[in-house]
Chemist: 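Below is the structure I would like to discuss, written out as structure tokens.
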Amino acid sequence: MATSNREMVLKPKIGIDNIKFGMTEKEVISILGKPDRRYLEEDTDDNEIVLEWKNRLLRLTFYQDKNKRFGYLRTRNKNLVFEEKKIIDQPLKLVQKEIFKKTKNWEKDDYNFQTVYFDEENWLALNCEYDLVLELEMGVPFKNDSDYDWPK
């Protein structure tokens with residue numbers, strides 16, 4: 001399956017392209033079109049709704065307990081950029097030092113086959129294997145221990 005060649009711009013704390021945290025499913029679908037798959041993530045306490053676009057290698061999660069608002073994304077899209085620099089399939093050191101250069105405190109978690117680097121301030125995770133960033137996850141950040149900091 002061919003991946004969309006269109007650049008996807010990451011906007012920490014806000015979303016991706018013109019998709020903003022806090023949007024409804026209907027609003028997102030009006031921009032991205034009908035997803036290839038819609039399912040309930042039953043492994044979570046909140047049974048979150050996940051929409052998946054295969055050609056974009058993009059999954060968006062909607063929080064049912066927050067009026068079904070978009071609150072989390074996961075992507076492997078090679079056209080994902082931040083400040084005009086590609087992120088996916090790039091060396092971790094380059095991504096950390098040149099792309100996310102303002103982030104100084106990456107939390108590191110090692111798993112059997114992957115290492116995850118997490119930036120709490122931007123609620124952003126880099127999923128890595130072989131010292132390459134293979135996937136990015138980002139959620140709406142928290143304002144405090146219980147409230148999200150939804151973009152305006």
Chemist: Could you walk me through whether Met138 and Asn122 satisfy the side-chain contact (heavy atoms from CB on, under 4.5 Å) test, starting with their C-alpha distance in whole Å, then the side-chain angles of each, then the deciding distance to 0.1 Å, before giving a yes or no?
Modeler: CA-CA 8 Å; Met138 187 175 70; Asn122 292 302; 5.7 Å; no
Chemist: Could you grab the distance from atom CG of Leu126 to atom NZ of Lys108, nearest 0.5 Å is fine?
Modeler: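 Between Leu126 CG and Lys108 NZ, I get 13.0 Å after rounding to 0.5 Å.
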Chemist: Give me the other members of the hydrophobic cluster that Val116 sits in, counting Ile, Leu, Val, Met, Phe, Trp and Tyr linked by side-chain heavy atoms under 4.5 Å, directly or via other members.
Modeler: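 For the cluster that includes Val116, the remaining residues are Tyr111.
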Chemist: Let me check something: do Phe70 and Leu136 share a hydrophobic cluster, defined by ILVMFWY side-chain heavy atoms less than 4.5 Å apart, either directly or through other members?
Modeler: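 As far as the 4.5 Å side-chain criterion goes, Leu136 and Phe70 are connected within one cluster.
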Chemist: For a salt bridge (Lys or Arg N to Asp or Glu O under 4.0 Å) check, start with the C-alpha distance between Glu25 and Lys68, then their side-chain angles and the critical distance, and finish with the verdict.
Modeler: CA-CA 7 Å; Glu25 229 180 298; Lys68 298 183 180 176; 5.9 Å; no
Chemist: Looking at Trp150, does the NZ or CZ of Arg69 lie under 6.0 angstrom from its six-membered ring centre and within 45 degrees of the ring axis?
Modeler: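 Verdict for Trp150: a cation-pi partner in Arg69.
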Chemist: Going by the rule side-chain contact (heavy atoms from CB on, under 4.5 Å), which residues pair with Leu94 if we only count those two or more places apart in sequence or in a different chain?
Modeler: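 Once residues adjacent in sequence are excluded, the partners of Leu94 under the side-chain contact (heavy atoms from CB on, under 4.5 Å) criterion are Gln90, Pro91, Glu98, Ile99.
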Chemist: Determine, for Lys11 against Asp17, whether the closest basic-nitrogen to carboxylate-oxygen distance falls under 4.0 angstrom.
Modeler: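 Salt bridge flag = no for Asp17 with Lys11.
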Chemist: Is there a donor-acceptor pair closer than 3.5 Å between any side-chain N or O of Asn77 and the backbone N or O of Asn79?
Modeler: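 Flag set: sc Asn77 to bb Asn79 pair under 3.5 Å.
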Chemist: Quick check on salt bridge (Lys or Arg N to Asp or Glu O under 4.0 Å): which of Arg37, Lys34, Arg76 does Glu52 satisfy it with?
Modeler: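 With Glu52 as partner, Arg37, Lys34, Arg76 yield a single salt bridge (Lys or Arg N to Asp or Glu O under 4.0 Å), made by Arg37.
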Chemist: Quick check on Asp147: does its CG atom have over 12 non-hydrogen neighbours (other residues, nucleotides or ligands) under 6.0 Å away?
Modeler: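 Yes, because the 6.0 Å sphere around CG of Asp147 holds more than 12 heavy atoms from other groups.
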Chemist: Determine, step by step, whether Trp123 and Phe142 satisfy the ring-ring contact (aromatic ring centres under 6.0 Å, His included) criterion, reporting the C-alpha distance in whole Å, the side-chain angles of both residues, the deciding distance to 0.1 Å, and the verdict.
Modeler: CA-CA 8 Å; Trp123 212 257; Phe142 285 91; 5.1 Å; yes
Chemist: Can you name the closest pair of heavy atoms from Tyr39 and Arg59 and give their distance?
Modeler: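 It is OH-CD, 3.6 Å.
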Chemist: Applying a strict under-4.5 Å side-chain criterion to I, L, V, M, F, W and Y, I'd like to know whether Leu132 and Leu124 cluster together.
Modeler: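 Different clusters: Leu132 never reaches Leu124 through Ile, Leu, Val, Met, Phe, Trp or Tyr contacts under 4.5 Å.
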Chemist: Check the pair Phe21, Tyr72 against ring-ring contact (aromatic ring centres under 6.0 Å, His included), reporting the backbone distance first and the verdict last.
Modeler: CA-CA 8 Å; Phe21 290 126; Tyr72 198 81; 8.2 Å; no
Chemist: Step by step, work out the salt bridge (Lys or Arg N to Asp or Glu O under 4.0 Å) result for Lys54 and Asp36.
Modeler: CA-CA 6 Å; Lys54 292 178 183 175; Asp36 296 297; over 6 Å; no
Chemist: Kindly give the heavy-atom pair with the smallest separation between Leu134 and Glu129, and that separation in Å.
Modeler: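 Heavy atoms only, the tightest pair is CD1-CB, 3.6 Å.
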Chemist: Mark yes when over 12 heavy atoms from residues, nucleotides or ligands other than Asp131 sit less than 6.0 Å from its CG; otherwise mark no.
Modeler: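 Result for CG/Asp131: open.
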Chemist: Take a 6.0 Å sphere around CD of Glu107 and say whether it holds more than 12 heavy atoms from other residues, nucleotides or ligands.
Modeler: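 Yes, because the 6.0 Å sphere around CD of Glu107 holds more than 12 heavy atoms from other groups.
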